[in-house]
Number of protein chains: 2
Amino acid sequence: MNEAASLNFDTLKLSCGQCNLRELCFPYGMPEEDLHRLDAVVELRRPLRKGDYLYRESGPAKSIFAVRSGSLKTMVESPNGDEQIVGFHLAGELVGLDGFRDDKHTCACIALETSSVCELPVSRLEQLCEQVPALQKQIRRIMGKEITTDHAMLLMLGKMSAEEKLASFLLSLSRRMEERRWKADDFVLSMPRQDIANYLGLAVETVSRLFANYQEEGIIDVDRRRIHIRQMQRLEQIVGECKS
Amino acid sequence: MNEAASLNFDTLKLSCGQCNLRELCFPYGMPEEDLHRLDAVVELRRPLRKGDYLYRESGPAKSIFAVRSGSLKTMVESPNGDEQIVGFHLAGELVGLDGFRDDKHTCACIALETSSVCELPVSRLEQLCEQVPALQKQIRRIMGKEITTDHAMLLMLGKMSAEEKLASFLLSLSRRMEERRWKADDFVLSMPRQDIANYLGLAVETVSRLFANYQEEGIIDVDRRRIHIRQMQRLEQIVGECKS
DNA sequence: CGTTTGATTGACCCCACTCAAACGTGGTGG
DNA sequence: CCACCACGTTTGAGTGGGGTCAATCAAACG
């Protein structure tokens, strides 16, 4: 255990109004004056290291979390023991919304790399909701977005071929990179092939072969986890032309 | 157009407190006195006939809906035009939550048979939220449940074999029948094989063959859309024993 | 009745999985 | 510094689950 790791992280807290993720995160669209009140709710947590759990399935759900840096994955477990990754989460995205059902988490959340999160305790969030009616709407919006994202993923798993799935995955990542003002066509995957395969409902070997195919065709350059997209429109074309 | 269909459906409105679906539906867990206030928000809609749209993708989302009778399906459309059914909805269940994202629906909702719904206009719901704080929590719970359900479906589409998918589907339906005080082992499917196949990410022929297999093995009796489950534990066993 | 729509059954085949082995790459300790 | 190992990734060969195509059948409907 590092001594520095036991610092009081409240002293490091940044205000939501000054956070460069505010347009992507919880504060999006909220009036300036309400953001100050939000600050009082947010706690900065000690950073997670790769592989650390933020929360576990069926564990108590007292908070929701905003990713501040790094990235996380959420996964559900089947009765027979194998797991399905249901989402990858980048800076500014929120996790833990599944816990609203009955204050228990129905999925586990694990850091893909060293990551930090802001914690929003539900009890305090509820209190603030009574003072700031706009906050309720905000929560509903965020949850509505989660539902829409899950629906898109259902479509992917249910209807797409392996080739389409991977193209769809890369495009989704690329767009999220762009939202964050990072390069849309040049980024590093924070997850291993195994996780990509799991997420897409494929075998690792298939993912590996598809990357090789894309590279062969000059659509992307792959070096380990580094991805450079050379022909974005080809990827879009692959996703658009199902069953042809 | 039938003359009777243009009756004022408000006169037929039942109060939530007296509805026999209240334990499954929106009012679940809410105190008696708040239910009266909820009544003022709820509008009964003209019944939908089979194939009617309750709402369409990218249409305005001004309300959420509770299924009063009958059943519905929700579906998303892929860029190339084919559709994925993301849910079947029975009496007492809520649809339209995806619209909270930005007041536009991201999926379409269609009646599988003659069905009626209660409409809860979001604007009125928001007003009531300010008077009844418990209502906010209720909405979050319902949305949390939707997210959890979607995650379970992701697991199904991503990790299960065709045999496991269908068993899982039948068990899910069976449990929901039981919740509604109907027979858990004897019910009629409101959706065609095509829709089951679409939902499970399979071909119609595969669903048909699997039904035949199950019948062969004496697990279920199938007659058209009528399902009689003879050996519930065999179905549970199929779902539990993946990859064996 | 013929027509239409939905369900079943059979024959065939292909996509993606499985199994197996080789190949970096990075970390560790001698 | 290099040998070694562990792990993630790639590549090849073979196979099977489930898709596709096509024909048949059954029920519902006008």
task = For B:Ala184 and B:Met232, work out which heavy atoms get closest and say how close.
result = O-CE, 3.8 Å
ask   = Taking the nucleotide of DNA chain C with the closest heavy atom to each, which residue, A:Ala162 or A:Asp223, is nearer the 5' end?
value = A:Ala162
key: Protein-to-nucleotide contact annotation, 5' to 3' order, nucleotides 6-16 of chain D [B base; S sugar-phosphate only; - none; under 4.0 Å, heavy atom]   = ---SBBBB---
message = What is the separation between atom CD on A:Glu164 and atom P on C:dA16, rounded to the nearest whole Å?
response = 9 Å
ask   = Are A:Leu48 and A:Ser116 close enough that some pair of their side-chain heavy atoms sits under 4.5 Å apart?
value = no
ask   = Starting at CG of B:Leu166 and ending at C1' of D:dG17, how long is that distance when rounded to a whole Å?
value = 15 Å
request  = Check the distance between C:dA7's C1' and B:Asp195's CG and give it to me in whole angstrom.
outcome  = 14 Å
ask   = Would a 4.5 Å heavy-atom cut-off, applied to side chains only, mark B:Ile85 and B:Leu200 as touching?
value = no
ask   = With both distances kept under 3.5 Å, what pairs with D:dG30, Watson-Crick or G-U wobble?
value = C:dC1
query = Tell me: CE of A:Met160 to C1' of D:dG19, nearest whole Å?
reply = 18 Å
ask   = In whole angstrom, what separates A:Lys159's NZ from C:dC15's P?
value = 18 Å
inquiry  = From CD of B:Gln215 over to C1' of C:dT9, roughly how many Å is that when rounded to an integer?
reply    = 14 Å
query = Expressed in angstrom and rounded to an integer, what is the separation of B:Leu189 atom CG from C:dG6 atom P?
reply = 15 Å
note = Result for side-chain hydrogen bond (donor to acceptor under 3.5 Å, both in side chains) between B:Asp221 and one of B:His228, B:Arg230, B:Arg226 points to B:Arg230
key: side chain to side chain donor-acceptor pair (under 3.5 Å) pairs, two or more places apart, involving residues 57-66 of chain A   = A:Ser63-A:Glu119
Beyond-backbone contact of A:Pro192 with A:Arg225, side-chain heavy atoms, under 4.5 angstrom = yes
Rounded interatomic separation in angstrom, taking CD1 from B:Ile196 and P from D:dG18 = 17 Å
